[in-house]
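These notes are about the structure you will find just below.
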2 protein chains.
Amino acid sequence: MAVSRTDVAADAEGGVARVGPKEAGRREVLTAAARAFRANGVEGTTIDDIADELGATKGRVYHYYRSKNAVLLDIHVSAMELVLAEVSPAATTPGPARSRLADMVRRTVTLNDRELDLLYVVISALFNGLPMSGRPPERAVADRVRELRREFEDLFVSVIDDGIRSGEFRNVDSRLVARALLGSMQWTVLWLGSTDRPITEVAAEMADYLLTGLVR
Amino acid sequence: MAVSRTDVAADAEGGVARVGPKEAGRREVLTAAARAFRANGVEGTTIDDIADELGATKGRVYHYYRSKNAVLLDIHVSAMELVLAEVSPAATTPGPARSRLADMVRRTVTLNDRELDLLYVVISALFNGLPMSGRPPERAVADRVRELRREFEDLFVSVIDDGIRSGEFRNVDSRLVARALLGSMQWTVLWLGSTDRPITEVAAEMADYLLTGLVR
DNA sequence: GTCTATATGTGGATAGAC
DNA sequence: GTCTATCCACATATAGAC
């Protein structure tokens with residue numbers, strides 16, 4: 001998880017994602033929170049729960065983050081940057097659209113498995129809406145998250161368009177199909193934790209199905 | 001939405017889903033709550049919000065439901081029965097697996113669009129976990145909901161198995177593919193509200209893609 | 001940097017009038 | 001059957017000691 005968050009400092013006013021020597025402590029809080037959020041839901045998790053997960057008390061959490069929402073937003077930014085760092089190279093590498101897209105699917109599914117807590121939280125938040133608790137610095141971060149989401153979706157749309165142009169793919173509505181793909185992949189966070197098949201097989205079979213379909 | 005809920009009265013102790021002449025009033029509360037839940041998230045919605053949506057006050061809501069959780073659970077049961085009533089006939093009708101499955105996809109997507117508030121709430125709850133607030137009667141209803149979910153997934157698994165046996169489909173992991181299908185379809189609640197294409201086209205193209213894939 | 005208070009606000013739920 | 005008024009629990013966030 002070696003993603004810099006330096007460029008996200010949309011919070012000069014003392015807001016949400018400060019960087020510096022606090023980084024290590026923040027990361028601990030972040031992953032503890034992600035675990036708790038996934039287990040109990042965001043609203044079902046109290047700051048004390050997060051502290052428990054850390055083997056500490058409230059004070060620790062509030063030392064690194066000014067609010068519960070700040071924690072959640074930082075999870076979002078970290079996770080989305082992680083996702084883009086993992087998938088976007090596969091999208092832009094040279095080669096046929098077909099193999100690029102398959103690679104993107106495998107990477108996404110594999111990352112979902114490897115960072116399940118983090119991505120579970122982020123994906124479920126798509127349904128709950130971003131908790132924009134109002135303050136301008138938080139709003140800026142929320143905007144950034146929405147931008148990253150869009151960027152991720154567009155990655156798939158453009159590779160699909162490439163494939164259509166090159167004649168590899170059928171002439172589909174690329175955004176619709178991208179969303180179908182996204183849905184299948186993101187849905188995996190609901191069941192990856194309880195499947196017994198190795199993740200490489202799951203990722204490969206997902207990619208195969210999503211590209212070549214079911215009909216013989 | 002003509003689904004009886006009589007058989008769900010797992011609440012003889014005065015619980016969650018009583019039936020009788022109250023039915024009409026309950027339905028109003030139910031749909032108002034679904035609208036509010038989708039707009040603000042379940043936890044972000046207060047009982048007063050639901051009352052506002054009804055043009056009434058708290059008292060009205062509590063006259064029909066003993067708790068916020070009871071409302072939510074009733075939404076779940078109603079929605080899942082609605083879904084099964086819509087899709088399960090298409091699964092068991094005679095004919096090739098391929099056309100049955102396509103029909104199931106089209107029906108699911110179309111229903112998602114027609115009852116968007118209701119299904120949005122139910123689908124997003126998959127990520128938040130059912131709010132089992134503990135009391136035995138509520139636990140019973142929650143169990144019933146889980147059963148209906150499983151039933152829905154199994155509908156797809158068994159049609160896919162049929163198709164594999166008949167040679168119409170490739171030899172895939174039917175549960176994995178069912179979950180991929182489910183994910184694509186349920187994901188639509190996130191964007192159906194903002195697409196401009198007619199729902200019949202969307203449903204048809206989803207079915208086409210999910211069966212025959214992307215590769216030419 | 002981490003802790004133990006504690007203030008404060010909010011929202012679910014109830015009682016009882018109309 | 002619907003309303004108003006109120007109770008009470010709980011969780012966020014802060015203040016300030018160590």
Query raised in the report: Do Asp161(B) and Ser174(B) meet the criterion of a side-chain donor-acceptor pair at a distance under 3.5 Å?
Result: yes

Requested in this report: Can you see which heavy atom on Ser184(B) is nearest to which on Met206(B), and at what distance?
Outcome: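 Here Ser184(B) and Met206(B) meet closest at O-CE, 3.6 Å.
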
Quick check against the 3.5 Å criterion: does [X] have a side-chain atom that pairs as donor or acceptor with the backbone of [Y]?
X	Y	value
Ser88(A)	Ala85(A)	no
Arg106(B)	Ala204(B)	no
Asp154(A)	Glu151(A)	no

Whole angstrom is fine here: how far is it from [atom1] in [X] over to [atom2] in [N]?
X	N	atom1	atom2	result
Tyr64(B)	dG12(C)	OH	C1'	20 Å
Ile50(B)	dC3(D)	CD1	P	14 Å
Asn40(B)	dG11(C)	CG	P	11 Å
His63(B)	dT14(C)	NE2	C1'	15 Å

Requested in this report: Would you mind reporting whether Met185(B) and Leu210(B) have side-chain heavy atoms less than 4.5 Å apart?
Outcome: yes

Query raised in the report: Can Arg100(A) and Asp103(A) be counted as an ion pair, charged N to O under 4.0 angstrom?
Result: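 Not counted as a salt bridge, because no side-chain N and carboxylate O are separated by less than 4.0 Å.
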
Requested in this report: Would you verify whether the NZ or CZ of Arg38(A) falls within 45 degrees of the ring axis of Tyr120(A) while also being under 6.0 Å from that six-membered ring's centre?
Outcome: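 Yes, a cation-pi geometry holds between Arg38(A) and Tyr120(A).
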
With the criterion being N/O to N/O and under 3.5 Å, what pairs connect the protein with nucleotides 16-18 of chain D, and how long is each?
none

Query raised in the report: Would one find a side-chain N or O of Thr57(B) under 4.0 angstrom from OP1 or OP2 of dT2(D)?
Result: no

Short N/O separations, protein against nucleotides 10-14 of chain D, under 3.5 angstrom:
unit_1	atom_1	unit_2	atom_2	d
dT12(D)	OP1	Thr45(A)	O	3.3
dT12(D)	OP1	Lys68(A)	NZ	3.0
dT12(D)	OP2	Ile47(A)	N	3.0
dA13(D)	OP2	Tyr62(A)	OH	3.2
dA13(D)	OP2	Lys68(A)	N	3.0

